[in-house]
Enquirer: 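Below are the structure tokens for one structure; questions will follow.
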Amino acid sequence: MAIESLQNHVGPWQMWPLYALWEPSIGPRIVLVLAVVACGWFLHRHVMKVPRAAFLVIILAFSCVFAVAVAIEGQGVKADAKCCVAGGPAAQITAPFRDSDSYFANVPLVDRLGPRRFDQSYPQLDQPPYASLTIHALTHPPGAPLLLWASDEIVGESLLGVCLLMIFLGALSSIATYLIALEIYGERAARLAGLLFCVAPAIVLYLATSMDAVFMTIFAFDFAALVRAPRSNRWALVAGLLWAVALMFTFSAAAIAIVSVGIGLLSLRTRTLRDLAPRAVLVVAGLVGGLAILQVGLGIDTPAVWTATSAAHATLASTYRPYVYWVWANLIAFALVAGIPQTALVLSEVSSRWRAHSPGLETVTLATLIVLTVSNVFKGEVDHIWLFMMPLVLAVAGNRLHALTQDEGMGSLEVRRALGVSVLQTVAMQVLLFTYW
């Protein structure tokens, strides 16, 4: 959709927080979803005891399979307010990438110009003689079109192959989520975080339908590096480099600064400022060096791209939505798609830590969400745009579930309850709602 048409499209001033329509639709492939759930229900009783490598493979594979099963559940592809576009499983999986406004629609332009010229020209690509960037690409840096172009080349120009590869890349966040929780909370909390990842509505619903899931993976591994940065020069430098990569895909990566400051403040409990300052410098050095590498190697001029995408973002219909409403509506929408059990566990962790006067990662996560929602940048659609916050949310939720299940007998009940409610919510949202993506 052209920017000019969006300028005149204000949209509803008061839409309910979740970016979705009430549109019940259930297909015969719900049996496949239930079969996957049954397999997961059997596996969850055993995965807590398998070797670490096996656990990571299991949650990675289950995340992919469950997301695909849910994505192809209906009898056809839901499209805008119409239901449904006919097609089999392959058509349903590839539907988001076949949309004329998708990131993938820019792949022919990358192919025609070549990746380096595409990057160098990116800030001007909405102007003649091109004027052909899609709305998604127009408001983001060039990382997504580049990744999709490269993936298309790798899989032999197979759209289905590209889609499956993107699902796999998004599901890698499960491993990063585990690594975040492992560093801060320990093995059992990390495994519970991994299990909560597999069934969280936001993960399952958007893993096979939104490129934001791929963005989430980059953020997740950067967060995993950041929580290790206070004790390691190497991890500090890696965190900065990954931050630069994240900025290649979305300028929401500015939120990493908030998380970095929060982790640094928490680290002052156990480390001196003299220890932390050089590592903070290494994070910044990694960021600056990474951006320089991207400009020299790929031709991405980050400041110029920022200027162009910011100007494009300012013309979107979402900018006309009421600020005061979305300040709180964003949080409600994100809490809902994060999962009712996951959100309840995070709030319980916040309450427990604050009562003990010992704030931790849960406070950093909550503070980041609050800053994001008051920033006036996000007015709706955070159910998928804020996917990058899910690894932190799930790490915190995993630790709280661990704390509540120290008694093994009670523990299995609480774990089953959290996972079961999350699965039910995910399936219910899939069959009852159309989430646009």
Enquirer: Run the salt bridge (Lys or Arg N to Asp or Glu O under 4.0 Å) test against Arg52 and tell me which residues pass, sequence neighbours left out.
Expert: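 If we apply the salt bridge (Lys or Arg N to Asp or Glu O under 4.0 Å) test to Arg52, skipping adjacent residues, the hits are Glu187.
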Enquirer: When you compare the side chains of Asn106 and Thr134, does any donor N or O come within less than 3.5 Å of an acceptor on the partner?
Expert: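 The criterion, which ignores hydrogens and geometry beyond distance, is satisfied for Thr134 and Asn106.
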Enquirer: Are any side-chain N or O atoms of Glu153 and backbone N or O atoms of Ser151, one a donor and one an acceptor, separated by less than 3.5 Å?
Expert: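 No; zero donor-acceptor contacts below 3.5 Å.
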Enquirer: Where do Ile256 and Leu226 land on the side-chain contact (heavy atoms from CB on, under 4.5 Å) test, with the steps shown first?
Expert: CA-CA 9 Å; Ile256 294 174; Leu226 278 171; 3.7 Å; yes
Enquirer: Does the side chain of Phe219 come within less than 4.5 Å of Leu392's, by heavy atoms?
Expert: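 Side chain of Leu392 against side chain of Phe219, heavy atoms only: no contact under 4.5 Å found.
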Enquirer: State, without any angle test, whether Ser173 and Thr217 hold a side-chain donor-acceptor pair at a distance under 3.5 Å.
Expert: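 Ser173 vs Thr217: donor-acceptor pair found between side chains.
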Enquirer: Hey, does Thr373 have a side-chain heavy atom less than 4.5 Å from the side chain of Phe378?
Expert: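 Side chain of Phe378 against side chain of Thr373, heavy atoms only: no contact under 4.5 Å found.
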Enquirer: In terms of ring plane angle, is the pair Trp328 and Tyr325 parallel, tilted or perpendicular, where the classes change at 30° and 60°?
Expert: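 Because their plane-to-plane angle is over 60°, the rings of Trp328 and Tyr325 count as perpendicular.
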Enquirer: Is Met390 close to Phe197 at the side-chain level, that is, under 4.5 Å between some pair of heavy atoms?
Expert: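 Contact flag for Phe197/Met390 side chains = no.
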Enquirer: Identify the heavy atoms of Pro145 and Val107 that sit nearest to each other, and give their distance.
Expert: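 In terms of heavy atoms, the two residues are closest at O-CG2, 4.3 Å.
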Enquirer: Counting heavy atoms not belonging to Arg45, are there more than 12 under 6.0 Å from its CZ?
Expert: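 For Arg45, atom CZ is not crowded (no more than 12 foreign heavy atoms under 6.0 Å).
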Enquirer: Determine, using ring centers only, whether Tyr323 and Trp326 are less than 6.0 Å apart.
Expert: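 When the ring centroids of Trp326 and Tyr323 are compared, they turn out to be at least 6.0 Å apart.
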Enquirer: Counting C-beta onward and ignoring hydrogens, is there a side-chain heavy-atom pair between Ile300 and Leu146 closer than 4.5 Å?
Expert: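 The answer is yes; the side chains approach within 4.5 Å.
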Enquirer: Strictly by modelled atom types, are Glu349 and Asn399 linked by a side-chain donor-acceptor pair under 3.5 Å?
Expert: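 Looking only at side-chain atoms, Asn399 and Glu349 do form a donor-acceptor pair, the distance falling under 3.5 Å.
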Enquirer: Who passes ring pair (Phe, Tyr, Trp, His ring centres under 6.0 Å) against His140, sequence neighbours left out?
Expert: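 His140 satisfies ring pair (Phe, Tyr, Trp, His ring centres under 6.0 Å) with Tyr103 once adjacent residues are dropped.
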Enquirer: Taking Trp243 for the side chain and Ala253 for the main chain, is one N or O donor matched with an acceptor at less than 3.5 Å?
Expert: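 Judged by distance alone, yes, a pair lies under 3.5 Å.
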Enquirer: Determine, stepwise, if the pair Tyr185 / Leu361 fulfils side-chain contact (heavy atoms from CB on, under 4.5 Å).
Expert: CA-CA 10 Å; Tyr185 301 121; Leu361 183 63; 3.3 Å; yes
Enquirer: Is the shortest distance from a Lys or Arg side-chain nitrogen in Glu73 or Arg29 to a carboxylate oxygen in the other one below 4.0 Å?
Expert: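 Between Arg29 and Glu73 there is no salt bridge, as every charged N stays at least 4.0 Å from the carboxylate O atoms.
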Enquirer: If we ignore angles and hydrogens, is there a donor and acceptor under 3.5 Å between the side chains of Gln295 and Thr302?
Expert: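 Checked: Gln295/Thr302 side chains show no N/O donor-acceptor pair below 3.5 Å.
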Enquirer: Are Trp22 and Leu432 packed together at the side-chain level, in the sense that at least one heavy-atom pair is separated by less than 4.5 angstrom?
Expert: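 Trp22 reaches Leu432 side chain to side chain.
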Enquirer: If you compare all heavy atoms of Ala333 against all heavy atoms of Pro17, which two are closest, and at what distance to 0.1 Å?
Expert: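 It is CB-O, 3.4 Å.
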Enquirer: According to side-chain contact (heavy atoms from CB on, under 4.5 Å), who are the partners of Ser310, at least two apart in sequence or on a separate chain?
Expert: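 If we apply the side-chain contact (heavy atoms from CB on, under 4.5 Å) test to Ser310, skipping adjacent residues, the hits are Trp306.
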Enquirer: Would the distance check show the side chain of Thr363 and the main-chain N or O of Pro359 forming a donor-acceptor pair, the cut-off being under 3.5 Å?
Expert: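 Between the backbone of Pro359 and the side chain of Thr363 there is no qualifying donor-acceptor contact (under 3.5 Å).
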Enquirer: Does a side-chain heavy-atom distance below 4.5 Å link Pro141 with Phe249?
Expert: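 Contact flag for Pro141/Phe249 side chains = no.
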Enquirer: Under a 4.0 Å N-O cut-off, is there an ion pair linking Glu414 with Arg400?
Expert: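 Here Glu414 does not pair with Arg400 in a salt bridge, since their nearest N and O are not under 4.0 Å apart.
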Enquirer: Considering only heavy atoms from C-beta outward, does the side chain of Thr365 approach that of Val346 to under 4.5 Å?
Expert: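 Sidechains of Val346 and Thr365: no contact.
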Enquirer: Between Leu109 and Leu133, is any pair of side-chain heavy atoms under 4.5 Å apart?
Expert: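 In short, these two side chains touch, coming nearer than 4.5 Å.
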Enquirer: Using modelled atom types and a 3.5 Å cut-off, is there a donor and acceptor pairing between side-chain atoms of Ser348 and backbone atoms of Ala344?
Expert: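 Judged by distance alone, no pair lies under 3.5 Å.
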Enquirer: Please work out which of the three classes, parallel, tilted or perpendicular, describes the rings of Tyr206 and His384, given edges at 30° and 60°.
Expert: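 His384 and Tyr206: tilted rings.
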Enquirer: With side-chain contact (heavy atoms from CB on, under 4.5 Å) as the criterion, how do Val283 and Leu287 come out once you've worked through the C-alpha distance, each side chain's angles and the decisive distance to 0.1 Å?
Expert: CA-CA 6 Å; Val283 172; Leu287 169 61; 5.7 Å; no
Enquirer: Check for a donor-acceptor pair, side chain of Asn330 on one end and backbone N or O of Gly380 on the other, with a separation under 3.5 Å.
Expert: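 Confirmed, Asn330 side chain pairs with Gly380 backbone.
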Enquirer: Check for me whether Arg191 meets the cation-pi criterion with Phe55, that is, NZ or CZ under 6.0 Å from the six-membered ring centre and within 45 degrees of the ring axis.
Expert: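 Relative to the ring axis of Phe55, which defines the angle, Arg191 lies inside both limits.
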Enquirer: Donor-acceptor pair, distance only, cut-off 3.5 Å: does the side chain of Thr209 make one with the backbone of Leu205?
Expert: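 Yes, Thr209 side chain to Leu205 backbone: donor-acceptor pair under 3.5 Å.
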Enquirer: Any chance CH2 of Trp354 has more than 12 other-residue heavy atoms, nucleotides or ligands included, within less than 6.0 Å?
Expert: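 Open.
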Enquirer: Could you go step by step and tell me if Val393 and Glu362 meet the side-chain contact (heavy atoms from CB on, under 4.5 Å) rule?
Expert: CA-CA 8 Å; Val393 167; Glu362 78 296 328; over 6 Å; no
Enquirer: We want to know whether Arg117 and Ser121 form a side-chain donor-acceptor pair, criterion being a heavy-atom distance below 3.5 angstrom.
Expert: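 Judged by distance alone, the side chains do not pair up.
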Enquirer: Would you please classify the geometry between the Phe118 ring and the Tyr122 ring as parallel, tilted or perpendicular, with 30° and 60° separating the classes?
Expert: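 The arrangement is perpendicular - the two ring planes meet at more than 60°.
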Enquirer: Can you see which heavy atom on Pro341 is nearest to which on Gln425, and at what distance?
Expert: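 Closest pair (atom of Pro341, atom of Gln425, distance): CD-OE1, 4.1 Å.
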